[in-house]
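Every number for a ligand or one of its atoms is a count from 1 in the order of the listing.
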Amino acid sequence: MLFKQQALLRQKLFVLGSLVIGSVLYLVARVGTLDRLQPICPIESRFHPPEPEQIPLRTLQFKRGLLHESRKGNDTKEQIRLHNLVQQLPQAIIIGVRKGGTRALLEMLNLHPAVVKASQEIHFFDNDKNYARGIDWYRGKMPFSLPHQITIEKSPAYFITEEVPERIFKMNSSIKLLIIVREPTTRAVSDYTQVLEGKERKNKTYHKFENLAIDANTCEVNTKYKAVRTSIYTKHLERWLKYFPVEQFHIVDGDRLITDPLPELQLVERYLNLPSRISQYNLYFNATRGFYCLRFNIVFNKCLAGSKGRIHPEVDLSVLTKLQRFFHPFNQKFYQITGRTFNWP
Ligand code: A3P
């Protein structure tokens with residue numbers, strides 16, 4: 001009798017033990033799988049099943065891993081073929097404006113799983129030597145991407161270089177063109193600051209901004225000064241309009257990209273016909289830098305290089321006012337043409 005009871009107890013313990021071990025093994029396996037499948041994506045989107053037209057989250061993981069290797073040139077030809085990787089001509093180009101926030105815009109758009117950026121400025125259309133190398137050379141400078149992804153490059157010199165609109169038109173007359181602008185006087189000072197820093201690095205002296213921006217003979221704005229000319233956005237845009245209709249340009253507010261980037265990025269997503277994927281999770285304000293930085297996933301985030309977001313030198317207020325008055329009519333024309341109005345003075 002006692003023996004029978006003991007046998008029954010052992011049997012029950014065995015069944016219970018098996019259940020406990022089985023559950024533990026299942027949980028371990030599940031957590032392991034979850035870890036591996038954990039989507040690299042904003043927290044909030046983890047709770048929503050993907051809509052049919054959404055880009056698979058795997059694409060994003062793929063982009064951060066394999067594509068990174070491909071860009072570094074560590075991929076074999078066989079791997080490239082196996083993964084269907086291609087080097088595509090850009091479907092969209094950030095054509096300018098220098099110091100408008102072109103790097104920030106490119107890096108932020110690259111947060112999107114369907115966007116692949118060309119890391120370097122290619123300077124294909126503005127540099128005669130590069131242009132003479134031909135379109136295959138240009139394509140060869142593009143990053144590897146999946147066929148459904150879009151490639152974007154930025155070369156701010158395109159906006160102000162005479163020959164560029166025609167050359168881009170010849171490559172692709174329906175290409176999407178992005179222009180990021182800042183308040184023109186601030187942009188001019190930012191442009192000056194970049195050049196000044198370059199001179200200082202070489203232990204050279206340089207003129208004061210005031211002396212460059214104002215013609216000493218006439219006391220008027222010096223329109224020969226490149227930093228001033230670049231800020232006359234409408235003049236450059238008008239050259240582009242000889243080739244492309246105004247609808248083909250999307251104007252990005254570079255000042256708002258600094259203070260509140262997400263709405264600007266969402267407008268670009270719409271313009272590029274991309275599903276909205278960049279979220280607040282991807283952008284966080286870094287108080288030390290004084291700028292928004294980028295969060296790709298739980299482990300990988302980055303701020304732009306220190307050369308972005310320089311401290312500007314103090315400029316005589318009367319010079320700033322003179323410049324603002326000078327740019328005012330050009331700005332009005334720019335608003336009129338583009339249909340986008342800014343609170344510039
Ligand atoms: P400043 O250095 O004058 O502040 P570009 O990339 O076209 O050269 O533009 C540089 C500008 O991008 C910087 O000008 C900076 O203000 C702006 N910018 C916009 N968003 C930024 C960000 N998140 N981090 C750093 N700079 C940013």
K.L.:
Within 45° of the ring axis of Phe159 and under 6.0 Å from its six-membered ring centre, is that where the NZ or CZ of Arg98 lies?
P.N.:
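Not satisfied by the 6.0 Å and 45° rule.
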K.L.:
Give the atoms of ligand 1, by number and element, whose distance to some non-hydrogen atom of Gly100 is under 4.0 Å.
P.N.:
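Here the atoms of ligand 1 in question are 7 (O), 9 (O).
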K.L.:
Which ligand 1 atoms, with their elements, are less than 4.0 angstrom from a heavy-atom of Ala104?
P.N.:
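Listed by number with element, the hits are 19 (C), 20 (N), 21 (C).
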K.L.:
Closer than 4.0 Å to some heavy atom of Met108 - which atoms of ligand 1 meet that?
P.N.:
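That gives atoms 23 (N) of ligand 1.
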K.L.:
Between Tyr281 and Arg295, is there a cation-pi geometry (under 6.0 Å to ring centre, at most 45° from the normal)?
P.N.:
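Verdict for Tyr281: a cation-pi partner in Arg295.
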K.L.:
Can Thr193 be said to touch ligand 1, with heavy atoms closer than 4.0 Å?
P.N.:
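Thr193: no contact with ligand 1 (<4.0 Å).
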K.L.:
Counting each atom of ligand 1 from 1 as listed, which ones have a heavy atom of Arg103 under 4.0 Å away?
P.N.:
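Checking each atom against Arg103, I get 6 (O).
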K.L.:
State, to 0.1 Å, how close Lys308 and Lys99 come at their nearest heavy-atom pair, and which atoms those are.
P.N.:
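For Lys308 and Lys99, the tightest heavy-atom pair comes out as NZ-NZ, 4.0 Å.
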K.L.:
Could you check atom 22 (C) of ligand 1 against the protein and tell me its nearest heavy-atom contact, residue, atom and distance included?
P.N.:
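Answer, as residue, atom name and distance: Phe291 CD2, 3.6 Å.
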K.L.:
Would you confirm whether the ring centroid of Tyr131 sits within less than 6.0 angstrom of the ring centroid of Phe124?
P.N.:
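Centroid distance Phe124-Tyr131: below 6.0 Å, so yes.
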K.L.:
Considering only NZ, NE, NH1 and NH2 on the basic side and carboxylate oxygens on the acidic side, decide whether Arg133 and Asp128 come within less than 4.0 Å.
P.N.:
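No.
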K.L.:
What about Phe244 and Phe169, are their ring centers closer than 6.0 Å?
P.N.:
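Ring centroids of Phe244 and Phe169 are less than 6.0 Å from each other.
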K.L.:
Under 4.0 Å from a heavy atom of Tyr292: give me the atoms of ligand 1 that qualify, with their elements.
P.N.:
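It comes down to these atoms of ligand 1: 22 (C), 23 (N).
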K.L.:
Check whether any heavy atom of Arg187 sits under 4.0 Å from an atom of ligand 1.
P.N.:
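Heavy atoms of Arg187 never come under 4.0 Å of ligand 1.
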K.L.:
Below 4.0 Å, non-hydrogen atoms only: which portion of Gln194 touches ligand 1? Side chain, backbone, both or neither.
P.N.:
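Contact part for Gln194 vs ligand 1: neither.
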K.L.:
Counting only heavy atoms from other residues, nucleotides and ligands, does the tally under 6.0 Å from NZ of Lys333 exceed 12?
P.N.:
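Counting neighbours around NZ of Lys333, 12 or fewer heavy atoms of other residues, nucleotides or ligands fall under 6.0 Å, so no.
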K.L.:
Among all protein heavy atoms, pick out the one at the shortest distance from atom 7 (O) of ligand 1; state its residue, atom name and that distance to 0.1 Å.
P.N.:
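Answer, as residue, atom name and distance: Thr102 OG1, 2.6 Å.
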K.L.:
Counting only heavy atoms closer than 4.0 Å, does ligand 1 sit against the backbone of Arg182, its side chain, both, or neither?
P.N.:
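Just the side chain.
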K.L.:
Consider every N or O of Ser190 and every N or O of ligand 1, then say whether any pair is closer than 3.5 Å.
P.N.:
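Ser190 vs ligand 1: N/O contact under 3.5 Å present.
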K.L.:
Using a strict cut-off of less than 4.0 Å between a Lys/Arg side-chain nitrogen and an Asp/Glu carboxylate oxygen, indicate whether Lys170 and Glu166 qualify as a salt bridge.
P.N.:
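Looking at Glu166 together with Lys170, the answer is yes, because their closest N to O distance falls below 4.0 Å.
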K.L.:
Which pairs count as side-chain hydrogen bond (donor to acceptor under 3.5 Å, both in side chains) when at least one residue sits in residues 211-227, sequence neighbours excluded?
P.N.:
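Those involving residues 211-227 do not exist here.
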K.L.:
Going from CD on Glu153 to CD1 on Ile93, what distance comes out if it is rounded to the nearest 0.5 angstrom?
P.N.:
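Answer rounded to 0.5 Å: 5.0 Å.
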K.L.:
Ignoring angles and geometry beyond distance, decide whether Gly309 reaches within less than 3.5 Å of ligand 1 through its nitrogen or oxygen atoms.
P.N.:
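Yes; at least one N/O pair falls below 3.5 Å.
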K.L.:
With ring centroids as reference points, do Tyr192 and Tyr206 lie under 6.0 angstrom apart?
P.N.:
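Centroid distance Tyr192-Tyr206: below 6.0 Å, so yes.
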K.L.:
Using a strict 4.0 Å cut-off to heavy atoms of Ile258, name the atoms of ligand 1 that fall inside it.
P.N.:
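Once the distances to Ile258 are compared, the set is 16 (O), 18 (N), 19 (C), 20 (N).
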K.L.:
Should you measure from each heavy atom of His312, which atoms of ligand 1 turn up under 4.0 Å away?
P.N.:
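Under 4.0 Å from His312, ligand 1 has these atoms: 1 (P), 3 (O), 4 (O).
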K.L.:
Which residue from Lys99, Lys308, Glu197 reaches closest to atom 26 (N) of ligand 1 through any of its heavy atoms?
P.N.:
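Looking at heavy atoms only, Lys308 sits closest to atom 26 (N) of ligand 1.
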K.L.:
Is there a polar contact between ligand 1 and Gly101, counting only N or O atoms under 3.5 Å apart?
P.N.:
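It does: an N or O of Gly101 is found under 3.5 Å from an N or O of ligand 1.
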